[in-house]
Amino acid sequence: MQLIRYIGAVGFFITLFIMYGTKYGLPGIKQYDKKFKPVDMKFFYKKSLLYETFEKIGEDGRKVYFGYFIIDFFLASFTLIVMVIITDLLMHDPDIHYAVYLAAGLKALFDILENCICLYLLHIYPAKNNIAVFFASCSTMLKFIMFYLWLLAVVAALLYFYLAGLRY
C-alpha cells in the first residue's frame, strides 16, 4: 500500500509537470494559440467554445491537445490516489470516510469520462457531435462539483482538528 501511495504522489507531480511545463502539455498547445485555455478547466462550456478552441489551435495543436488528454488520464488516476491519501489522513469517522472516498472516486470517473469524450471529439473533428460536447461539458461540471465536495470535507476536517485542538 505504501508503494501505491508513493507512486501516486510522485506520479501526480510528474504528470503536472508534463502537462504544465513541457511541449506535451499546455506550452506545446500554446505554440499554436498563445491565448489557449483548456476547456476541461472551465466549469461548463458551450459547443461554440470547444469548436472555436479546436479551430484556433489548428491541426498540429489538436495533435498536441490529443496527447494532453492522454496524459490527463494519468493525472486523474494519480490525483485519485493523492485524494485517497489525504482522506485517509484526515477522516476518522467511517461513514464520512466512505462518502469522501465516493466524492474522490466520482471526480476521477467524471474526469476520465470527460477525457474520453474530448478525445473522441478531437478524433472526429472537423465533424461535429453537439450531444457529445454537451456530455463532455456536463462531465467537466460534475468533476468540479465532486472535487469541491471533497475539498469541503477536507477543509471541514482541518477546521475541526484546529478548533478541537486535535492532531491528525
Q. How many angstroms lie between atom NZ of Lys37 and atom NZ of Lys30, to the nearest 0.5 angstrom?
A. 7.0 Å
Q: Give the minimum heavy-atom separation between Ile117 and Ala136, together with the two atoms involved.
A: CG2-CB, 3.5 Å
Q | Beyond-backbone contact of Phe44 with Thr140, side-chain heavy atoms, under 4.5 angstrom | A | no
(Q) I need the minimum non-hydrogen distance between Gly25 and Tyr68, along with the two atoms involved. (A) CA-CD1, 4.2 Å
Q.
Does any part of the side chain of Pro38, heavy atoms only, come nearer than 4.5 Å to the side chain of Leu26, both counted from C-beta?
A. yes
Q. When clusters are formed by joining ILVMFWY residues with side-chain heavy atoms under 4.5 Å apart, either directly or through shared neighbours, do Tyr148 and Val82 land in the same one?
A. yes
Q. Does atom CD1 of Ile131 have more than 12 heavy-atom neighbours, drawn from other residues, nucleotides or ligands, at distances under 6.0 Å?
A. no
Q.
Could you tell me if the side chain of Met83 sits less than 4.5 Å from the side chain of Phe147, heavy atoms only?
A. yes
Q) Does the separation of the ring centres of Phe36 and Tyr65 fall below 6.0 angstrom? A) yes
Q. What's the verdict on side-chain contact (heavy atoms from CB on, under 4.5 Å) for Ile70 and Leu119, showing C-alpha distance, side-chain angles and the deciding distance?
A. CA-CA 8 Å; Ile70 298 295; Leu119 285 169; 3.8 Å; yes
Q: Can you establish whether the number of heavy atoms outside Phe43 located under 6.0 Å from its atom CZ is more than 12?
A: yes
Q. Closest heavy-atom contact between Gly61 and Ile29?
A. O-CG1, 4.4 Å
Q. With a 4.5 Å limit on heavy-atom distance, are the side chains of Tyr51 and Val133 in contact?
A. yes
Q: Side-chain contact test, heavy atoms from C-beta onward, threshold under 4.5 Å: evaluate it for Phe54 versus Leu121 and give yes or no.
A: yes
Q: Determine yes or no for a side-chain-to-main-chain donor-acceptor pair under 3.5 angstrom, with Lys107 supplying the side chain and Ala76 the backbone.
A: no
(Q) Within this structure, what is the CG-CD1 distance for the pair Leu158 and Ile86, rounded to the nearest 0.5 Å? (A) 9.0 Å
Q) Ignoring hydrogens and geometry, is there a side-chain-to-backbone donor-acceptor pair from Asn129 to Ala132 under 3.5 Å? A) yes
Q: Indicate if Leu152 and Leu90 have the same hydrophobic cluster label, given that clusters are the connected sets of ILVMFWY residues with side-chain heavy-atom separations under 4.5 angstrom.
A: no
Q) Do Asp40 and Cys118 have side chains that get closer than 4.5 Å, going by heavy atoms? A) no
Q | Euclidean distance, Leu142 CG relative to Phe110 CZ, rounded to 0.5 Å | A | 4.5 Å
Q. Which value, rounded to the nearest 0.5 Å, describes the distance between Glu114 atom CD and Phe69 atom CZ?
A. 6.0 Å
Q) Quick one: is the NZ or CZ of Lys47 closer than 6.0 Å to the six-membered ring centre of Phe134, and within 45° of its axis? A) no
Q: To the nearest 0.5 angstrom, please state how far the CG atom of Asn130 sits from the OG atom of Ser137.
A: 12.0 Å
(Q) Is there a side-chain contact between Trp150 and Val154 in this structure, where contact means two heavy atoms from C-beta onward sitting under 4.5 Å apart? (A) yes
Q: Find out if a path of hydrophobic residues (ILVMFWY) with successive side-chain heavy-atom gaps under 4.5 Å connects Tyr98 to Leu80.
A: yes
Q: Look up atom CE in Met146 and atom CG in Leu151, then write down how far apart they are to the nearest 0.5 Å.
A: 13.5 Å
Q. With a cut-off of 6.0 Å (strictly less than), are more than 12 heavy atoms of other residues, nucleotides or ligands near OH of Tyr101?
A. yes
Q. Near Phe144 CZ, under 6.0 Å, is it more than 12 heavy atoms from other residues, nucleotides or ligands?
A. yes
Q.
Tell me the closest heavy-atom pair linking Val64 and Lys23, and the distance in Å.
A. CG1-O, 3.6 Å
Q) Hey, does Leu75 have a side-chain heavy atom less than 4.5 Å from the side chain of Asp111? A) no
Q.
With clusters defined by side-chain heavy atoms of hydrophobic residues (ILVMFWY) lying less than 4.5 Å apart, directly or transitively, does Val84 cluster with Val155?
A. no
**Q.** Under 3.5 Å side-chain donor-acceptor pair for Tyr125 and Glu55
**A.** yes
Without placing hydrogens or testing angles, list every side-chain donor-acceptor pair under 3.5 Å for residues 2-21, not counting sequence neighbours.
from, atom 1, to, atom 2, distance (Å)
Arg5, NH2, Asp88, OD2, 2.9
Thr15, OG1, Gly11, O, 2.9
Thr15, OG1, Phe12, O, 3.1

